[in-house]
Amino acid sequence: MAAPSSAEAQRRPQFGTRFLTDPRQVFQHNAWDNVEWSTEQEEAAQKKVQENSQPLPAEKQEEFDNRANEYWNDFYTIHENRFFKDRHWLFTEFPELAPQQKPPLDAEENLLNGEDVPSTHTETEFPGATASYRILEVGCGVGNTVFPILKTNNDPGLFVYCCDFSSTAVDLVKSNPEYDPSRCHAFVHDMSDTSADYPIPHQSLDVIVLIFVLSALHPQKMQNTINRLARLLKPGGVLLLRDYGRYDMAQLRFKKGRCLSENFYVRGDGTRVYFFTQDELHDLFCNAGLEKVQNMVDRRLQVNRGKQLTMYRVWVQCKYRKVLAPT
């Protein structure tokens, strides 16, 4: 399926447009947006989480932490790219990833405007050094965000960086026939390792993308991770996040013996996941010197029409901007 054009992406409405007003119509569509929870439903979710809140022993938790790389490599070895679908909704929710609709400037005008577009220079400093618009996706998996960006955004000044904890995932990105080293640089990186440098200078990125990846970190490592990412953003650059929200269906499905700490769990395959509140994410980003552009909960009712089942999903979507330096 071809990626939508930027014009198509602009026409498609953002989430929050299909509302369930008559419960009898629930199986008429595959999903309903911004579903309000009753007090009873919220209390039932809290009770379900409390039932499975006894954390595993410390030595077991340490094992999952030490072997995290192994578990994620196994995950991608098993699933490769069959498990995932390209995220074309990205351009609706995050238009920052689409072409920026700016008229091209010639080299002289760029220099007058203080933009560094040395088109005649070779990229000797770092990959993408000559680019005018740089995007980094952290936790890229097999490229289901990266490749739609590369296919949809034809901005000649665009350069996309992508990294993942799993070397297996990065190998799959690089082996994809759509991987173009002149427009993209994929590399292995542990975002929680404070001693591991990114191959990008500070204040060089326009956009950082975190899609269902921050939740895989140990909660105690999240603040330092966001602090390091914030330093990579240009003043005015944005960090885009979409991740699991508190009481998402996936959290309520965990059985006893899977809890690592409060709202933090280990799946059957050894990978881990945290479920956020809006306030927790707001504090993480603000403590890193970023200001809020958007912080919203997407409560969605997904429907299996064949089996007549309903599934409540809760995701948090955020945009935070690096504060512009005072003039």
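Heads up: numbering here begins at 1 and tracks the sequence. Values reported hereafter were calculated over all heavy atoms of this structure, with side chains retained and with hydrogens, waters and symmetry mates removed. Note that the structure is a prediction, hence the values are computed from the model and not measured.
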Quick one, Leu210 with Asp243, criterion side chain to side chain contact (heavy atoms under 4.5 Å, CB included). Give me CA distance, side-chain angles, the key distance, then yes/no.
CA-CA 8 Å; Leu210 299 172; Asp243 219 320; over 6 Å; no
Report yes if some heavy atom in the side chain of Phe126 is under 4.5 Å from a heavy atom in the side chain of Pro201; otherwise report no.
yes
Measuring only between side-chain heavy atoms, which start at C-beta, is Leu233 closer than 4.5 Å to Leu290?
yes
Tell me, please, which residues at least two apart from Glu262 pass salt bridge (charged side-chain N to carboxylate O under 4.0 Å, His left out).
none
Pick one: which of Tyr247, Tyr265, Phe264 meets side-chain contact (heavy atoms from CB on, under 4.5 Å) with Phe275?
Tyr265
Does a donor on one side chain and an acceptor on the other come within less than 3.5 Å for Asp269 and Thr271?
yes
Could you please spell out the steps behind the side-chain hydrogen bond (donor to acceptor under 3.5 Å, both in side chains) verdict for Asp298 and Gln317?
CA-CA 7 Å; Asp298 179 11; Gln317 181 168 301; over 6 Å; no
What is the distance from atom CD1 of Ile226 to atom CG of Asp283, rounded to the nearest 0.5 Å?
12.5 Å
Any donor and acceptor pair, going by atom type alone, linking the side chain of Asn153 with main-chain N or O of Ile149 inside 3.5 Å?
no
Output every pair passing salt bridge (charged side-chain N to carboxylate O under 4.0 Å, His left out) with a member in residues 198-227, not counting sequence neighbours, ordered by first then second residue.
Asp65-Lys221, Asp206-Lys234
How close do Phe159 and Ala131 get, counting heavy atoms only, and between which atoms?
CB-CB, 3.5 Å
Non-hydrogen side-chain atoms of Met222 and Leu214 separated by less than 4.5 Å:
yes
Euclidean distance, Arg183 CZ relative to Asn154 CG, rounded to 0.5 Å:
7.5 Å
First locate atom NZ of Lys319, then atom CE of Met296, and finally report the distance between them rounded to the nearest 0.5 Å.
9.5 Å
Nearest heavy atoms of Arg231 and Lys322, plus distance in Å
O-NZ, 3.6 Å
Side chains of Phe91 and Pro148, heavy atoms from C-beta outward: is any pair under 4.5 Å?
yes
Examine Tyr198 and Val188 and state if one hydrophobic cluster contains both, with Ile, Leu, Val, Met, Phe, Trp and Tyr joined whenever side-chain heavy atoms are less than 4.5 Å apart.
no
Can any side-chain N or O of Gln223 pair as donor or acceptor with the backbone N or O of Leu284 at less than 3.5 Å?
yes
Applying side chain to side chain contact (heavy atoms under 4.5 Å, CB included) to Gln278 and Val297, what does each step give before you reach the verdict?
CA-CA 7 Å; Gln278 292 171 276; Val297 174; 3.2 Å; yes
Should Leu90 and Val293 be counted in the same cluster of Ile, Leu, Val, Met, Phe, Trp and Tyr side chains packed under 4.5 Å apart?
no
Tyr133 versus Val207: any side-chain heavy-atom pair under 4.5 Å?
yes
Please find the pair of heavy atoms, one from Val146 and one from Glu137, that lie closest to each other, and give the distance.
CG2-OE1, 3.4 Å
For the hydrophobic clusters of this structure (ILVMFWY residues joined by side-chain heavy atoms under 4.5 Å, transitively), does one cluster hold both Ile135 and Val170?
no
I'd like to know if the side chain of Arg258 reaches the main chain of Arg267, judged simply by a donor and an acceptor atom lying under 3.5 Å from each other, with no hydrogens or angles considered.
yes
Ile200 side, atom CD1; Leu136 side, atom CG - distance, nearest 0.5 Å:
5.0 Å
Do the side chains of Arg134 and Ser204 get nearer than 4.5 Å, heavy atoms only?
yes
To the nearest 0.5 Å, tell me how far Thr194 OG1 sits from Asn227 CG.
11.0 Å
ILVMFWY network linking Val273 to Phe212, side-chain heavy atoms under 4.5 angstrom:
yes
Using side-chain heavy atoms (C-beta onward) and a distance below 4.5 Å, is Phe94 in contact with Ile211?
yes
For Leu150 and Tyr179, run side chain to side chain contact (heavy atoms under 4.5 Å, CB included): C-alpha distance rounded to whole Å, both residues' side-chain angles, the deciding distance at 0.1 Å, then the answer.
CA-CA 9 Å; Leu150 292 171; Tyr179 181 72; 5.8 Å; no
Are the ring centres of Tyr244 and Tyr274 closer than 6.0 Å?
no
Any non-hydrogen side-chain atom of Cys286 less than 4.5 Å from a side-chain atom of Lys292?
no
Once rounded to the nearest 0.5 Å, what's the spacing between atom CG of Asp171 and atom CG of Asn176?
12.5 Å
